[in-house]
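These numbers come from a predicted model, not from an experiment.
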Amino acid sequence: MAETKHSGAEDNHEQQITLVGDNGNETLYNVLFTFKSDDYGKSYILLYPASAADDEEVDIQAYAFDPEEDGSTEGELSPIENDDEWDMVEEMLNTFLDDDSNMSN
């Protein structure tokens, strides 16, 4: 299970989080976008490595995200294990990527 730590101001266009792996290694990721699904009653977060170059192809990671109740910026990420959930997340990602206004050229 990964722990998240958000950095930067809330109004910062490019939010970043640090994933802490089971072995204690920390990796910085940029938040591509987040969304909530009423069908599954969960929030989701899509991430890509902060170290990636602008023109580099990257692996986008998706997690179910459970923000802390007190509004703090730390929370737990959970793997998405349901195929139907994955299909819904993939559809949201494709919609996001197809919308040119979300991509900076």
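- Looking at residues two or more places apart in sequence or on another chain, you find a side chain to side chain donor-acceptor pair (under 3.5 Å) between Lys42 and Glu85.
- The shortest distance between side-chain heavy atoms of Ile17 and Leu47 falls below 4.5 Å.
- Using a 4.5 Å heavy-atom cutoff, the side chains of Val31 and Ile45 are in contact.
- For Asp87, the CG atom counts as densely surrounded, since its 6.0 Å shell holds more than 12 non-hydrogen atoms of other residues, nucleotides or ligands.
- When side chains are defined from C-beta on, Thr18 does not count as touching Thr27, because their heavy atoms never get closer than 4.5 Å.
- Considering all non-hydrogen atoms of both residues, Glu56 and Ser51 come closest at OE1-O, 4.5 Å.
- Note that CG of Leu19 is 9.5 Å distant from CD of Glu26, once rounded to the nearest 0.5 Å.
- Put simply, CG on Leu93 and CG on Asp98 are 9.0 Å apart, with the number rounded to the nearest 0.5 Å.
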Would Phe96 and Leu32 satisfy side-chain contact (heavy atoms from CB on, under 4.5 Å), going step by step from the backbone distance to the final call? CA-CA 9 Å; Phe96 178 86; Leu32 184 60; 3.5 Å; yes
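- Judged as a ring pair (Phe, Tyr, Trp, His ring centres under 6.0 Å), and not counting sequence neighbours, Tyr40 has no contacts.
- Other residues, nucleotides and ligands place no more than 12 heavy atoms under 6.0 Å from the CD atom of Glu91.
- Here CE of Met92 is found 11.5 Å from CG of Leu97. Values are rounded to the nearest 0.5 Å.
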Side chain to side chain donor-acceptor pair (under 3.5 Å) for Gln16 and Tyr29? Distances and angles first, verdict last. CA-CA 6 Å; Gln16 295 183 319; Tyr29 285 85; over 6 Å; no
Decide side-chain contact (heavy atoms from CB on, under 4.5 Å) for Leu46 and Thr34; before the verdict, give the C-alpha distance in whole Å, the side-chain angles of both, and the deciding distance to 0.1 Å. CA-CA 6 Å; Leu46 285 84; Thr34 61; over 6 Å; no
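- With sequence neighbours excluded, the residues that form a ring pair (Phe, Tyr, Trp, His ring centres under 6.0 Å) with Phe35 are Phe33, Tyr44.
- Across every non-hydrogen atom of Val89 and Ala62, the tightest pair is CG1-CB, 3.8 Å.
- Here the side chain of Trp86 pairs a donor or acceptor atom with the backbone of Ile80 at under 3.5 angstrom.
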